[in-house]
Amino acid sequence: MTLQERCRILQFTDLGDERGKLVVIEGGQSIPFEIKRVFYIYGSDASVVRGQHANMESEFVLINVAGQSKVRITDGQEEFIVELDRPMMGVYIPKLIWKDMYNFSSDSVLLVLASSHYDGEEYIRNYDDYIRIMEDYR
Ligand code: TYD
């Protein structure tokens with residue numbers, strides 16, 4: 001499978017009507033894991049790069065519920081960029097994938113769903129270490 005096939009774009013159903021939009025996300029259904037943690041990033045802008053890590057265990061889904069941002073996704077070999085610009089789309093990021101989030105619009109609210117509770121020990125924050133770890137997996 002290519003990196004893009006593994007890190008697939010998720011399209012959520014809009015259940016909105018004349019009163020406004022409604023998007024539902026259920027763990028294990030519209031996203032491929034049970035949700036253990038939710039966090040959101042806002043107040044970033046076009047000058048910052050966030051993320052810059054991979055995770056040994058956690059899987060994520062990233063959704064810009066407001067505004068826009070970009071995510072650069074790589075496994076150390078392939079790379080692609082996703083533009084998150086609609087509340088009805090997300091990108092699934094499996095474990096052991098490196099991600100950088102950047103180009104935040106000033107109104108960006110980036111919602112992140114995670115498959116595990118926070119554990120700083122499972123974060124790989126050094127890109128050279130990441131490449132070494134990935135070589136061991138290959
Ligand atoms: P960081 O991983 O740098 O955020 P991002 O990947 O979004 O750029 O996290 C910033 C700080 O918040 C860092 O000290 C770790 C802490 N943190 C938690 O305590 N729990 C969490 O679930 C997350 C995502 C971060």
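When a ligand or atom number is given, it counts from 1 through the structure's own listing order.
- Among all non-hydrogen protein atoms, the one lying nearest atom 6 (O) of ligand 1 is H53 NE2, 2.6 Å.
- Annotation for ligand 1: atoms under 4.0 Å from non-hydrogen atoms of G51 are 5 (P), 6 (O), 8 (O).
- Those atoms of ligand 1 that come under 4.0 Å of a heavy atom in R50, given as number and element, are 4 (O), 5 (P), 7 (O), 8 (O).
- For atom 4 (O) of ligand 1, the nearest protein heavy atom lies under 4.0 Å away.
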Next item on the list: Evaluate side-chain contact (heavy atoms from CB on, under 4.5 Å) for E78 paired with Q4, printing each intermediate quantity in order.
Entry: CA-CA 9 Å; E78 296 173 65; Q4 235 164 317; 6.0 Å; no
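- Here V112 has no heavy atoms under 4.0 Å from ligand 1, in either its backbone or its side chain.
- The side-chain hydrogen bond (donor to acceptor under 3.5 Å, both in side chains) with S58 is formed by just one residue from the set K36, H117, E122; it is E122.
- Within the 4.0 Å cut-off (strictly below), a protein heavy atom is located near atom 24 (C) of ligand 1.
- Nearest protein heavy-atom contact of atom 22 (O) of ligand 1 is R37 NH1, 2.5 Å.
- Residue H117 places no heavy atom under 4.0 Å from ligand 1.
- Summarising the hydrophobic clusters (Ile, Leu, Val, Met, Phe, Trp, Tyr; side-chain heavy atoms under 4.5 Å, direct or chained), the residues clustered with I25 are L10, F12, V23, I31, F33, I35, V38, Y40, Y42, V61, I63, V65, M88, Y92, V109, L111, L113.
- Of the possible donor and acceptor atoms, none in the side chain of D100 sits under 3.5 Å from a partner among the backbone N and O of R72.
- Y118 OH, 3.2 Å is the protein heavy atom nearest to atom 15 (C) of ligand 1.
- For ligand 1, the atoms closer than 4.0 angstrom to any heavy atom of R125 are 1 (P), 2 (O), 3 (O).
- Side chain of S105 to backbone of Q68: a donor-acceptor contact under 3.5 angstrom is found.
- Proximity of atom 8 (O) of ligand 1 to the protein is indicated by at least one non-hydrogen atom lying closer than 4.0 angstrom.
- Ring orientation note: the planes of H53 and Y123 are nearly perpendicular, at an angle over 60° on the 30°/60° scale.
- Ring geometry for F60 versus F39: interplanar angle over 60°, hence perpendicular rather than tilted (30 to 60°).
- Formation of a donor-acceptor pair under 3.5 Å by the N55 side chain with backbone atoms of E57 is not found in this model.
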